[in-house]
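Right, one structure below, let's go through it.
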Number of protein chains: 2
Amino acid sequence: MTTDLPRRPGRPARPVTREHLLKVAREAFSQLGYAGASMGDIAGRAGIRKSSLFHHFATKDDLYREALSTVVADLGVFVGQALQGDGTFVERLDRSILATQHYFGAHPVAARLLMREFVDGGAAITAAGDAVAAVLETSVAMFEQGMNEGILPRTDARHLAMTVAAVQIQFYATPEVSARLVGADVFAPDVVEQRSQIVVEHLHRLLGIK
Amino acid sequence: MTTDLPRRPGRPARPVTREHLLKVAREAFSQLGYAGASMGDIAGRAGIRKSSLFHHFATKDDLYREALSTVVADLGVFVGQALQGDGTFVERLDRSILATQHYFGAHPVAARLLMREFVDGGAAITAAGDAVAAVLETSVAMFEQGMNEGILPRTDARHLAMTVAAVQIQFYATPEVSARLVGADVFAPDVVEQRSQIVVEHLHRLLGIK
DNA sequence: GTCTATACATCGATAGAC
DNA sequence: GTCTATCGATGTATAGAC
């Protein structure tokens, strides 16, 4: 039976990395929201004291912004890469859909963190808000391109982008509701694969492809 | 120039009604979330003191549950009434879609409050969570009925219900994002009408109608 | 870089006067 | 039914030792 020695100040052999702190912060903010997660809780998850966390991030707002921006950036490059390369319009569209679904499926904190930021109004974030707006604008531009090429029927591309975004994010942003409805763990690999194929099918019908 | 007299105890001529307290509570919880809204803030919005609010609701949790349940109940009867009556499958479907969209458009706090509850995992709520699950199950049953009648092509009705719910709620649950994308106030009557028609169009294509 | 200790505000909730 | 006053816990953030 081991006894917990009282913690003492000093430079530890293996200090926690900034990346690890951001990881646990993403988990906390995703689960509890900005207001619900506390610096003490996040520090505890990382195995350090609250004041040590403040050494790495001057304010809670700073920590939140950086944690959120990593998700937005990750998703941005992931989807960006999928859009690169050759192929038909539909092939590029499908690659971006699957990339998004696989990203959300592989990173359980991501969709919920994004959705919370959207619901909060994105007031706390300007940089990330602009990045999100850029992603949506890319989506709008893509749909307009498809309409101009005659592949997609003409409709309001901006309302369409909002609907498409909703279809892609909701399932993973509210996993308890999704799990209760489909009767399975949302992040199980086979469920992610199934949902990915279904989202492709849903969005094809929604966009009027074929 | 009037001077603010200090508040004094006693029975006021016109005490605030429970309905008014629930209304301002819905606004606060919708804007700030459960963790972000405080009993003091809600009391202040209603023009009373925090301790007076605790006279009406024993705990913050009680207030939240009742505020949320009014939205779930309102939406339930609104959509339920739309589903009643005669008409073809598509006519009943369209009535329920339009009822939902008009409800969200007319009650700016509703969709956001619901989405917050979904993102929070519905852990705080059992009764309302069951009510929401019931609405989704009704949706599933309706789609399966449409498939059995040969009106809808066969697909996974449960995943379909999740997608349909996302399309209906997202636009009004994240109004700042929506407004930025479409460049207009989401709750302006003409925008609500436009979005309603577009959602009907989107869901028709998604469901494979016609 | 981490710790102890603390300052100071706000939170949910209670007690008791009117 | 509303108020003043207060309690105890928790929140963000800071100061200074090691």
Side-chain angles (χ1 to χ4, degrees), chain A residues 3-29 31-68 116 120 123-125, chain B residues 3-29 31-68 116 120 123-125:
Chain A
T3 57
D4 282 344
L5 292 176
R7 290 174 173 233
R8 302 269 250 32
R11 293 192 174 259
R14 216 173 92 33
V16 296
T17 65
R18 192 176 180 84
E19 278 69 28
H20 182 64
L21 291 175
L22 287 170
K23 183 187 175 190
V24 298
R26 282 194 298 268
E27 293 170 358
F29 285 131
Q31 291 170 9
L32 306 169
Y34 178 82
S38 75
M39 294 296 273
D41 174 38
I42 294 169
R45 291 175 188 232
I48 61 176
R49 296 281 156 175
K50 180 169 53 166
S51 53
S52 306
L53 180 55
F54 274 105
H55 172 78
H56 295 273
F57 302 92
T59 67
K60 183 185 181 182
D61 229 69
D62 286 347
L63 174 57
Y64 174 72
R65 294 183 137 110
E66 194 160 331
L68 176 63
R116 294 198 106 111
D120 284 339
I125 307 297
Chain B
T3 56
D4 281 343
L5 292 175
R7 291 176 171 232
R8 305 269 248 35
R11 292 194 173 257
R14 215 173 93 37
V16 295
T17 64
R18 193 177 180 84
E19 277 68 28
H20 182 63
L21 291 175
L22 286 170
K23 182 187 176 190
V24 298
R26 283 193 298 268
E27 293 169 357
F29 286 130
Q31 292 169 8
L32 305 168
Y34 179 82
S38 74
M39 295 296 274
D41 174 39
I42 294 169
R45 291 176 188 230
I48 62 175
R49 297 282 161 175
K50 180 169 55 166
S51 53
S52 305
L53 180 55
F54 273 104
H55 172 77
H56 295 274
F57 302 92
T59 68
K60 183 185 181 182
D61 229 67
D62 286 345
L63 174 56
Y64 173 72
R65 282 169 200 233
E66 193 160 333
L68 177 62
R116 292 199 108 114
D120 284 339
I125 308 297

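Proteins get letters first, then strands, A, B, ... in listed order; numbering begins at 1 in each.
The listed nucleotides are C:dA15, C:dG1, D:dT2; the one nearest the side chain of A:His55 is C:dG1.
Aromatic ring pairs are classed by plane angle as parallel below 30°, tilted from 30° to 60° and perpendicular above 60°; the pair A:Phe29 and A:Tyr64 is perpendicular.
For the atom pair CG (A:Asp120) and CG (A:Leu68), the distance works out to 10.0 Å, reported to the nearest 0.5 Å. With rounding to the nearest 0.5 Å, the separation of CZ in B:Arg45 from CD in B:Glu27 is 6.5 Å. Distance NZ/A:Lys23 to OG1/A:Thr17: 9.5 Å, rounded to 0.5 Å.
Remark: A:Ser52 is in phosphate contact with C:dC3, judged by side-chain N or O atoms under 4.0 Å from OP1 or OP2. Close to C:dT2, at under 4.0 Å from its OP1 or OP2, lies a side-chain N or O of A:His56. Phosphate proximity of D:dC3 to B:Ser51: absent, as no side-chain N or O sits under 4.0 Å from OP1 or OP2.
Looking at residues 19-26 of chain B, you'll see that no heavy atom sits under 4.0 Å from any atom of DNA chain D.
If you measure from atom CZ of B:Arg18 to atom C1' of D:dT2, you get 16 Å, rounded to the nearest angstrom. In this structure, CZ of B:Arg49 is placed 16 Å from P of C:dG12, rounded to the nearest angstrom. Between the OH atom of B:Tyr64 and the C1' atom of C:dG12 there is a distance of 17 Å, rounded to whole Å.
The backbone N or O of A:Tyr34 sits less than 3.5 Å from a side-chain atom of A:Lys60, completing a donor-acceptor pair. Remark: the backbone N or O of B:Ser38 is not paired with any side-chain donor or acceptor of B:Lys50 at under 3.5 angstrom. A:Arg116 places a side-chain N or O within donor-acceptor distance of the main-chain N or O of A:Gln31, the cut-off being under 3.5 Å.
Considering A:Glu19, A:Arg26, A:His20 as possible partners of A:Leu22, the one that fulfils the side-chain contact (heavy atoms from CB on, under 4.5 Å) test is A:Arg26.
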Tabulate atom names and distances for all N/O pairs under 3.5 angstrom spanning the protein and nucleotides 9-12 of chain D.
{"unit_1": "D:dT12", "atom_1": "OP1", "unit_2": "A:Met39", "atom_2": "N", "d": "3.4"}
{"unit_1": "D:dT12", "atom_1": "OP1", "unit_2": "A:Lys60", "atom_2": "NZ", "d": "3.1"}
{"unit_1": "D:dT12", "atom_1": "OP2", "unit_2": "A:Met39", "atom_2": "N", "d": "3.0"}
{"unit_1": "D:dT12", "atom_1": "O4", "unit_2": "A:Lys50", "atom_2": "NZ", "d": "3.2"}

